[in-house]
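The structure under discussion appears below in the form of structure tokens.
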Amino acid sequence: MSLKFWKPGTTGPGSSLDRDTEVEGNVVQSAPAYTSLSVQSQRERLPIFKHREKLLYCVEKYGVTIVVGQTGCGKTTQLPQYLMEAGWASDGNVIACTQPRRVAATSVAGRVASEVGTTLGDEVGYTIRFEDVSDKQKTRILYMTDGMLFRETLVDPLLSRYSVIMIDEAHERSVYTDLLLGVLKKIRRKRPSLRLIVSSATLDATSFLEYFTASMPEDEATIVSLEGRLYPVEVAYLKEPVADYTRKAAELSLDINLKQGPGDILVFLTGREEIENCLEYLSDMLPTVPRNATRLVPLALHAGLTTEEQLAVFEPAERGTRKLIVSTNIAEASVTIEGIKFVVDSGFVKIRVYNPTTALASLATVPTSKASATQRAGRAGRTSPGICYRLYPHEAFEALPPTTPPEVTRTDLTTPILQLKSLGIDNLMKFEWVSAPPAESVLRALEGLFAAEMIGEDGRLTAVGQKVAECPVEMAIARMLFKSKEYQCGEEVLTIAAMTAVQDAFVIRDGAQGALDELERRKFTAEEGDHLTLLNAYNAFTRYGRSSSWCKNHALSFRAMSRAVSIRGQLKKYMQRFNLPIESCQGDAKRLRRCLVSGYWRNGAKWVGDGTFRSVRGNKVLYAHPTSVLFTRKPRSGWVIFHEIEETKKTQIRVITEIESDWLIEQGHRYEGKGSGSVGSTEQ
DNA sequence: GAGCACTGC
């Protein structure tokens, strides 16, 4: 089970290290400096304190300050406090700091509130969807999700209550981060007093600098680099590429356990299936492990687990044991586990890619970027020096792309473009993207918006388009909320809209329990398909007192169901604001399904004899997702609409409802081109 | 008979 690693740079193949040595003799390269500091008290401010005056000077002098500092160097917690002390929050001004994720916004706000010595929600607060723990008068430092701040621009286009806006974790390049940067650049032209801080953990921050200085004066923007306390992480590479990194990861973990000192191990793989395989290899190999070895406690970590299962990875390892966490990318940025000393990096990640030509999203397994590999390695050095083992050769690392392409270049732009138009940015050619999306994606989105009557032939928003842009749901869902007036089923469509927004309402466990869960789920099954099944589940949830134990007994996720209740409440307010009646269809499922088609009319499919479907647009072979009630059943009419489509190994459709083919024709098939498998031509 | 990287409003 010996693994070949070699030292890059100074020694290559053929050197003294190029032999079948064990891992421990071969971990070498001094890593770039990884920051491990987490600032918890006033006393620990030092690492960025020495930059304090420089930072404040830069914010004062330049419109845009780009701050580069590793995760945990204190920029997120300390910088807003310095700005407040320096007077940037006086005269009712607010300092905003955006985060790509909800948990980050809430937890950072909590920490800063206690550092400042205030109650959370007073001087320091946070705003995320469904939770506004801030005070319009008192709050000076406001942490928020970037989506939330972007939404605020729809109401206050100049974001006038803020004196400084810090866009944190900008290197992650979420769609909303990119949209915000574009809008903020525009806002700064009209309001030059607004100070912008773009904070990034990677050195590609120069691209942000170029972005802001491209069409502005040279002294508009500057970069400040921060340092933190460092724990070195050594990086080792495989000499040869491996065919099966999942097995190699298992072997290496056992090897580390035998030969290295204490410290937990974190393995990065791409998905649930690989994680389960890796854990299986491990249990197969365990009999070969010497009896005196440290006991390894293997733990899986991925988003599909329940909260309780996820919490297990944070429990400290028992005395004399070592945790082995086999994780997806969730542990790269979303979740931080202390005590990791060894990282094993497969070098791969699954990302969602959008193909604008086919309008299909797919989940692809691709090599990570250099930035991502660095971030993963850094997970070994948070509490002490560590080692990162990359399961690929050094040359392969050199060949990696520097960063992952920003999300805006690989996603469906329908919603972002609708929102930009709502902001009055009609000429998309003039919008200054940080990274321009493919022209094809923009065209595809415009075409979809036109077909759905959200924009007119002049490219401007229609009256309904303006309203739909304000609704925090996908266009198709918003469209059926508006059409529900016609079909008199607002009550039910509202619920379905909320249920499709939360994913994984049903919790089907593995193994024998899964069969029982399956039986529970059948109690909610509606003949017509998944949308009505979701409606049944929601109604039952509210009828039985919204209880957590009831959910447990009926294979439902309490967390998901509670979220659906919140979302429904929020959407109901939008409907009331737009004077849309909230009437019940009184059990008339036909009317309700016709209303569903008004949103999903472009997502039609026809059942063919072999159990698969063909898409109305493009005549593509589609498979029902195994979680669908139509997975095994033939729809009587032969026609369905679906909520989602995704390519993995097969092209699958999820959340499916049976319809009549002429309902599709009612809803504007006129927009579809000839020869693309129109309803008429596929009908027998 | 069989499956889901991660977010966000």
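Order of the sequence lines fixes the chain letters, A, B, ..., with proteins taken first and strands second; residue numbering starts at 1 for each chain.
A distance below 6.0 Å separates the ring centres of Y600(A) and H531(A).
Listed by chain and residue number, nothing satisfies the salt bridge (charged side-chain N to carboxylate O under 4.0 Å, His left out) test with K467(A) (two or more places apart in sequence, or in another chain). With sequence neighbours excluded, the residues forming a side-chain contact (heavy atoms from CB on, under 4.5 Å) with A380(A) are V233(A), V343(A), listed by chain and number. Annotation: salt bridge (charged side-chain N to carboxylate O under 4.0 Å, His left out) contacts of D345(A) (sequence neighbours excluded): R376(A). Under the rule for a salt bridge (charged side-chain N to carboxylate O under 4.0 Å, His left out), the partners of E172(A) that lie at least two apart in sequence or sit in another chain are R101(A). Residues passing the side-chain contact (heavy atoms from CB on, under 4.5 Å) test with T495(A) are M499(A), L535(A), Y538(A), R568(A), sequence neighbours excluded. Taking Y245(A) as the reference, E274(A) meet the side chain to side chain donor-acceptor pair (under 3.5 Å) condition, with sequence neighbours excluded. Checked against side-chain contact (heavy atoms from CB on, under 4.5 Å), S107(A) has no partners two or more places apart in sequence or in another chain.
Side-chain contact of E131(A) with Y126(A): a donor-acceptor pair under 3.5 Å is present, judged by distance alone.
The separation between Y574(A) atom OH and dC9(B) atom C1' is 8 Å, rounded to whole Å. Distance I128(A) CD1 to dT7(B) P: 13 Å, rounded to the nearest Å. Between R102(A) atom CZ and dG8(B) atom C1' the separation is 9 Å, expressed in whole Å. Rounded to a whole Å, the CE atom of M148(A) is 15 Å from the C1' atom of dT7(B). At whole-Å resolution of the value, CZ in F268(A) and C1' in dA5(B) are 13 Å apart. Separating the CG atom of L149(A) from the C1' atom of dT7(B) is a distance of 17 Å, rounded to the nearest angstrom. Rounding to whole angstrom units, CD of residue E172(A) and P of dA5(B) are separated by 19 Å. Rounding to whole angstrom units, CG of residue L179(A) and C1' of dT7(B) are separated by 14 Å.
Across all strands shown, T328(A) has heavy atoms under 4.0 Å from sugar-phosphate atoms exclusively, and none from any base.
Checked against dG8(B), dG1(B), dA5(B), the side chain of Y176(A) finds its nearest nucleotide in dG8(B).
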Extract from the structure each pairing of a protein N or O with an N or O of nucleotides 2-4 of chain B at less than 3.5 Å, listing the distance.
{"unit_1": "dC4(B)", "atom_1": "OP1", "unit_2": "T648(A)", "atom_2": "OG1", "d": "2.8"}
{"unit_1": "dC4(B)", "atom_1": "OP1", "unit_2": "Q652(A)", "atom_2": "OE1", "d": "3.4"}
{"unit_1": "dC4(B)", "atom_1": "N4", "unit_2": "R272(A)", "atom_2": "NH1", "d": "3.1"}

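Of the residues in residues 129-136 of chain A, R129(A) come within less than 4.0 Å of DNA chain B through at least one heavy atom, sorted by number.
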